[in-house]
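Right, one structure below, let's go through it.
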Amino acid sequence: MKNVLVVAPHPDDETLGCGGTLLKHSQNGDHIHLAIMTQMNKEEYGPERVEERALEIESVVRALGVKSVHQLTFTPTRLDTVPIGDIVSALSTVVNDVKPDTVYAPYPGDVHTDHRVVFDAVVSCSKWFRYPFVRSIMIYETISETEFGLNPDSGGFKPNVFVDIGKFLDRKIEVFNLYRSEVGAYPFPRCEKSIRALATLRGSTAGCQAAESFMLLREIR
């Protein structure tokens with residue numbers, strides 16, 4: 001049995017990036033934990049929107065079979081204005097509480113600055129001499145963020161691990177649709193057609209009908 005921690009800059013990143021893999025973990029009896037690094041506040045987003053998002057998260061957590069949720073309260077889109085030490089400290093508390101052997105984190109080349117900051121925090125919270133229980137760190141791609149990271153000096157997202165999610169793709173899309181405010185009509189990237197297209201592309205690379213792909217950052221065997 002694995003103890004898995006998914007670190008999501010925002011709610012929906014976990015489902016877009018590795019929702020099928022998480023469903024597979026759940027079926028295998030693994031324990032899934034979710035750290036959401038940001039949270040909407042009532043002053044900026046309004047009480048109705050905050051309540052709607054809370055209900056969406058609750059529904060998604062149930063659907064994915066998540067064992068525990070760790071909701072941090074940093075403001076969305078502003079992680080790059082927060083001292084990195086504060087973010088690392090908050091995430092470190094979660095990591096030490098969960099003691100995961102497997103960690104999923106966003107790709108640092110994503111266009112969204114929150115994703116880049118969260119990646120740096122995850123790396124800081126996975127040093128073997130402080131977090132010896134972390135055995136594997138996997139980087140996921142987030143449709144609508146990863147493909148828009150157009151830095152010409154970046155090597156781009158180059159996956160080397162593929163998870164067959166053929167049996168879970170339909171369910172992944174159902175789960176993502178629980179985030180009603182995040183779903184748009186094609187060609188908006190966060191839609192069923194785009195999610196299926198990416199899963200099909202990754203599946204064709206791996207030799208299966210549908211897959212999610214990851215960059216293995218480190219693994220200890």
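Everything quoted here is computed from the prediction, not taken from an experiment. Excluded from the calculations below are hydrogen atoms, water molecules and symmetry mates; all remaining heavy atoms, backbone and side chain alike, are included. This chain uses plain numbering: 1 for the first residue, then up along the sequence.
- Heavy-atom minimum distance, Thr15 versus Glu212: O-OE2, 4.4 Å.
- With no hydrogens or angles considered, no side-chain donor-acceptor pair links Gln39 and Thr73 at under 3.5 Å.
- The main-chain N or O of Ala210 is never found under 3.5 Å from a side-chain atom of Arg196 such that the two would form a donor-acceptor pair.
- Side-chain contact between His70 and Leu34: absent, with no pair of heavy atoms (C-beta onward) separated by less than 4.5 Å.
- With hydrogens and angles disregarded, no donor-acceptor distance shorter than 3.5 Å links the side chain of Lys127 to the backbone of Ser124.
- Under a 3.5 Å cut-off, the side chain of Gln71 and the backbone N or O of Thr38 do form a donor-acceptor pair.
- A donor-acceptor contact under 3.5 angstrom links the side chains of Ser92 and Tyr131, judged on distance only.
- Under the 4.5 Å side-chain heavy-atom criterion for grouping Ile, Leu, Val, Met, Phe, Trp and Tyr, Met138 is connected to Leu23 within one hydrophobic cluster.
- Across every non-hydrogen atom of Ile195 and Phe176, the tightest pair is CD1-CD2, 3.7 Å.
- When atom types are taken as modelled, the side chain of Asn177 and the backbone of Ile173 share a donor-acceptor pair closer than 3.5 angstrom.
- A donor and an acceptor atom, one from each side chain of Ser181 and Arg49, are located under 3.5 Å apart.
- In this view, Ser204 satisfies the side-chain hydrogen bond (donor to acceptor under 3.5 Å, both in side chains) rule with no residue, not counting sequence neighbours.
- Taking both residues in full, the closest heavy atoms of Ile165 and Gly20 are given as CG2-C, 3.6 Å, listed atom of the first, atom of the second, then distance.
- In this structure, Ser26 OG and His31 NE2 are separated by 9.5 Å, a value rounded to the nearest 0.5 Å.
- Summarising the geometry, atom CG belonging to Leu72 is positioned 12.0 Å from atom CG belonging to Asp86; distances are rounded to the nearest 0.5 Å.
- Both the sub-6.0 Å distance and the 45° axial angle are not jointly satisfied by Lys24 relative to the ring of Phe168.
- Glu219 places none of its side-chain heavy atoms less than 4.5 Å from the side chain of Ile137.
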| query | What do the steps show when you test Val118 against Val7 for side chain to side chain contact (heavy atoms under 4.5 Å, CB included), and what is the final call? | reply | CA-CA 8 Å; Val118 170; Val7 185; 3.5 Å; yes
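- Here the side chain of Asn3 pairs no donor or acceptor atom with the backbone of Asp101 at under 3.5 angstrom.
- Residues meeting the ring-ring contact (aromatic ring centres under 6.0 Å, His included) test with His10, sequence neighbours left out: His112, His115.
- For the pair Pro11/Val60, no side-chain contact is recorded, criterion being any heavy-atom separation below 4.5 Å from C-beta on.
- Contact annotation: the side chain of Glu141 never approaches that of Tyr107 to less than 4.5 Å [non-hydrogen atoms, C-beta and beyond].
- Evaluation of the ring-ring contact (aromatic ring centres under 6.0 Å, His included) rule for Tyr104 yields His25, Phe214 as partners, not counting sequence neighbours.
- For Phe119, there are no ring-ring contact (aromatic ring centres under 6.0 Å, His included) partners at least two apart in sequence or on another chain.
- A continuous path of ILVMFWY side-chain contacts below 4.5 Å connects Val82 to Val88, so both sit in one hydrophobic cluster.
- Val183 and Leu64 fall within the same hydrophobic cluster, where Ile, Leu, Val, Met, Phe, Trp and Tyr residues are linked whenever their side-chain heavy atoms come under 4.5 Å apart, directly or through other members.
- Within the 4.5 Å cutoff, the side chain of Val6 has heavy atoms near those of the Cys18 side chain.
- Here CZ of Arg180 is found 8.0 Å from CG of Leu178. Values are rounded to the nearest 0.5 Å.
- The shortest distance between side-chain heavy atoms of Val4 and Pro100 does not fall below 4.5 Å.
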| task | Take Ser136 and Val103 through the side chain to side chain contact (heavy atoms under 4.5 Å, CB included) test and state the conclusion after the steps. | result | CA-CA 6 Å; Ser136 178; Val103 177; over 6 Å; no
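- Atom-to-atom distance recorded for Glu147:CD and Ser194:OG is 8.0 Å, nearest 0.5 angstrom.
- Connection of Leu91 to Val134 is established within a shared hydrophobic cluster, with ILVMFWY side chains joined at heavy-atom distances below 4.5 Å, either directly or through further cluster members.
- Taking a cutoff of 4.0 Å between a charged side-chain nitrogen and a carboxylate oxygen, Asp164 and Arg202 do not qualify as a salt bridge.
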| message | Test salt bridge (Lys or Arg N to Asp or Glu O under 4.0 Å) on Asp12 and Arg53; report intermediate values, then the result. | response | CA-CA 10 Å; Asp12 81 358; Arg53 177 47 60 92; 5.7 Å; no
| field | Derivation of the side chain to side chain contact (heavy atoms under 4.5 Å, CB included) call for Asn41 and Thr75 | value | CA-CA 7 Å; Asn41 57 70; Thr75 303; 4.0 Å; yes
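- Residues Val117 and Ile84 come closest through the heavy atom pair CG1-CD1, 3.9 Å.
- Using modelled atom types, one side-chain atom of Ser59 and one backbone atom of Leu55 make a donor-acceptor pair closer than 3.5 Å.
- Asp110 CG to Asp13 CG: the interatomic distance, rounded to the nearest 0.5 Å, is 8.0 Å.
- Closest non-hydrogen pair, Ser68 versus His33, comes out as OG-ND1, 2.6 Å.
- Sequence neighbours left out, the pairs with a member in residues 30-48 that pass salt bridge (charged side-chain N to carboxylate O under 4.0 Å, His left out) are Glu44-Arg78.
- Distance CE/Met215 to OG1/Thr146: 10.5 Å, rounded to 0.5 Å.
- For the pair Val95 and Cys125, the tightest heavy-atom approach, listed with the atom from each and the gap, is CG1-O, 3.8 Å.
- Hydrophobic clustering (side-chain heavy atoms under 4.5 Å, transitive across Ile, Leu, Val, Met, Phe, Trp, Tyr) groups Leu217 together with Phe133.
- Tyr179 is linked by a ring-ring contact (aromatic ring centres under 6.0 Å, His included) to nothing, counting only residues two or more places apart in sequence or in another chain.
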